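Note that the structure is a prediction, hence the values are computed from the model and not measured. In what follows, chains are A, B, ... by sequence order, proteins preceding strands, each numbered from 1.
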2 protein chains.
Amino acid sequence: MTDIDTSPIPERKRGSGVKMVYDLLRDEILDLVLLPGSPIDEVQLAERFKMSRTPIREALVRLAGEGLIDTLPNRSTMVANIDFLNMHTFFDALVLMYRVTTKLAAQYHRPEDLKVIRAHQAEFAAAVQAQDALAMIATNAAFHSAIAEAGRNAYFTGLFNRLLDEGRRMLRLYYQSYDDRLPQRFVEEHDDIIAVIANRDVEEADRLAKLHAEQIVHQIQKLFAREDRLDVAL
Amino acid sequence: MTDIDTSPIPERKRGSGVKMVYDLLRDEILDLVLLPGSPIDEVQLAERFKMSRTPIREALVRLAGEGLIDTLPNRSTMVANIDFLNMHTFFDALVLMYRVTTKLAAQYHRPEDLKVIRAHQAEFAAAVQAQDALAMIATNAAFHSAIAEAGRNAYFTGLFNRLLDEGRRMLRLYYQSYDDRLPQRFVEEHDDIIAVIANRDVEEADRLAKLHAEQIVHQIQKLFAREDRLDVAL
DNA sequence: TGTATATTATTTGTCGACAAGAATTTTATC
DNA sequence: GATAAAATTCTTGTCGACAAATAATATACA
């Protein structure tokens with residue numbers, strides 16, 4: 001017998017479904033393709049990915065575990081809102097994690113870590129050069145995440161990556177309307193940080209990381225202050 | 001027609017199933033009723049709780065998200081092992097979280113927080129008095145968790161609670177064979193910490209928390225050292 | 001016309017069944 | 001008797017269907 005239709009659908013492998021949905025939804029949430037507060041429909045997703053609701057639900061449970069979506073029992077589930085009221089707790093945590101991960105990187109990094117870090121820094125510099133705000137956000141996060149990895153503390157990298165994700169979401173929210181650009185200064189600060197890590201200067205790593213983090217926090221706060229004024233005007 | 005069997009099973013409410021399984025498995029893992037590395041059978045759990053595998057699986061996905069169980073795709077799932085090799089990363093994170101949460105508690109606590117904290121301290125003191133090692137572990141964790149709550153930073157409390165859970169698991173592992181007792185000294189240190197929090201003395205809170213944390217870490221390390229010697233003897 | 005109740009529709013949580021992978025056992029071959 | 005291949009058992013991942021909970025709509029009544 002002759003097979004006419006050899007299954008035009010990609011024919012996913014068993015178990016790959018959840019990961020695919022998880023990764024894609026995660027990206028769409030962090031890239032603000034799915035805006036905070038927007039509803040998530042299981043059935044719709046099931047149709048879109050051509051699979052049953054079961055793997056979709058598993059992906060959603062995972063995302064809920066990371067705080068990226070909120071689930072009201074027996075009711076709707078939606079993209080997690082950004083908590084502007086407790087923003088300062090976010091900043092506190094971010095600054096501390098910048099400091100501790102950079103310190104640990106200075107202590108525990110291996111030669112190959114520096115290569116990865118420098119590569120991310122090159123991408124960040126390129127993004128700044130090109131004045132591509134969205135790329136800046138992404139590459140900056142990747143740069144600091146790589147530093148944290150070099151510190152080799154899974155507890156810290158876990159929290160830090162979560163904070164970087166949340167920060168990415170917040171920044172995108174504002175860079176969508178304002179095509180402001182992060183200053184060249186950040187590129188230089190990154191270079192300095194790489195240098196002290198390479199020198200294994202833990203004290204100086206802490207100091208620079210603190211300065212850099214506060215610099216970034218300040219930048220974000222300025223952004224929000226401007227937006228606040230706009231909100232009042234509306 | 002006469003109904004003979006009027007459903008003797010509690011008749012759970014819709015949606016309560018997953019939470020029940022999640023909570024119970026979580027407790028059993030943290031209390032070492034389920035030992036690290038022991039396999040988890042979905043079908044068995046489904047029979048035990050008299051429900052289908054679907055809600056069981058959801059609970060397992062959540063536990064996996066918190067790192068309490070490990071899942072090999074298409075293969076078995078088991079209680080997460082304790083990572084003795086990277087123990088120092090655990091201690092680093094624990095000490096830092098002790099410090100930062102205590103500091104924030106000194107800054108941001110409200111009067112009612114102190115009541116809760118003092119209540120937990122009373123329970124801890126009672127456990128020490130009764131030389132109930134297991135109770136000490138639990139009440140000590142609750143005490144510090146309450147302090148962290150008073151600091152009102154969800155990012156920190158999230159990581160800290162996770163660390164406390166992991167610590168509870170490690171300690172139980174050893175207090176099962178050794179009925180050693182944490183010294184009375186910890187009770188006094190707790191009292192001192194409560195005092196500086198009440199005084200809103202942030203600097204001193206940091207200092208005491210650091211000392212206390214290092215004290216506890218030292219205690220745990222002593223325990224492990226003793227056990228290590230035993231392992232060699234086997 | 002506005003409010004309360006009943007009806008319908010939508011969506012979520014749970015179930016039993018089935019199929020794909022992996023582990024285990026059995027059979028075949030040297 | 002040891003190794004390789006085949007068959008079987010077992011466990012997991014996925015599916016379609018159904019029922020409970022909620023939301024939306026229609027109806028009744030003042």
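- In this entry the distance linking CZ of A:R14 with P of C:dC18 reads 15 Å, nearest Å.
- For A:I40 and C:dT10, the CD1 to P distance is 21 Å, given to the nearest whole Å.
- Of all nucleotides listed (C:dA22, C:dT14, C:dT12), C:dT14 comes nearest to the side chain of B:V18.
- For B:S52, counting side-chain heavy atoms from C-beta on, the closest listed nucleotide (C:dT12, D:dT14, C:dG16) is C:dG16.
- Taking 4.5 Å as the limit, every side-chain heavy atom of A:L173 sits out of range of all side-chain heavy atoms of A:M170.
- Within the 4.5 Å cutoff, the side chain of B:R48 has no heavy atoms near those of the B:V21 side chain.
- Protein atom CG of B:L45 is 14 Å distant from nucleotide atom P of C:dC15, rounded to whole Å.
- Here D:dT14 presents its C1' atom at 10 Å from CZ of B:R53, a figure rounded to the nearest Å.
- Atom NZ of A:K13 and atom P of C:dA22 are 12 Å apart (whole Å).
- When rounded to the nearest whole Å, the span between CD of B:E42 and P of C:dG16 equals 15 Å.
- Look at CE on A:M51: it is 20 Å from P on D:dT12, rounded to the nearest Å.
- The aromatic rings of A:F143 and A:H190 sit parallel, their planes meeting at an angle under 30°, below the 60° perpendicular limit.
- Taking atom CD of residue B:E58 and atom P of nucleotide D:dT12, one finds them 17 Å apart after rounding to whole Å.
- The phosphate of D:dA23 (OP1 or OP2) has a side-chain N or O of A:R75 nearer than 4.0 angstrom.
- With B:N86 contributing its side chain and B:T89 its backbone, the two residues share no donor-acceptor pair below 3.5 Å.
- Residue B:S76 is the one, among B:S76 and B:T54, whose nearest nucleotide of DNA chain D lies closer to the 5' end (criterion: closest heavy atom).
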